[in-house]
Amino acid sequence: MTNSNFLRGVGMGIAVGAAVGAMMPTHRKRKRSSAARAIKAVTNVMDNLSDAMGL
């Protein structure tokens, strides 16, 4: 695999990701709130683990 093939693949991936992201609806409060809840849960788990490990 040459460097140009790799860069071409990265460019295509970015383009496809941007196109899919543009097609997604932007005003969904449920998705945001569920994402916020997931981030809070992960943060709490990380805090609990760091406290248990004594960090």
Side-chain angles (χ1 to χ4, degrees):
M1 178 169 72
T2 64
N3 196 20
S4 63
N5 286 340
F6 174 74
L7 292 176
R8 190 177 300 149
V10 169
M12 287 174 51
I14 291 171
V16 169
V20 170
M23 289 189 295
M24 295 282 185
T26 57
H27 300 291
R28 287 220 167 153
K29 290 185 179 180
R30 274 191 192 161
K31 294 246 180 206
R32 288 186 201 150
S33 63
S34 64
R37 284 193 299 259
I39 291 171
K40 278 186 183 179
V42 168
T43 304
N44 288 339
V45 167
M46 292 298 291
D47 287 341
N48 290 339
L49 282 175
S50 63
D51 287 342
M53 292 171 63
L55 297 176

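- A heavy-atom distance below 4.5 Å is not found between the side chains of T43 and M46.
- Placement of V42 and L49 in two distinct hydrophobic clusters is found when ILVMFWY residues are connected by side-chain heavy-atom separations under 4.5 Å, directly or transitively.
- Grouping the Ile, Leu, Val, Met, Phe, Trp and Tyr side chains by contacts below 4.5 angstrom, directly or via other members, places M12 apart from V20.
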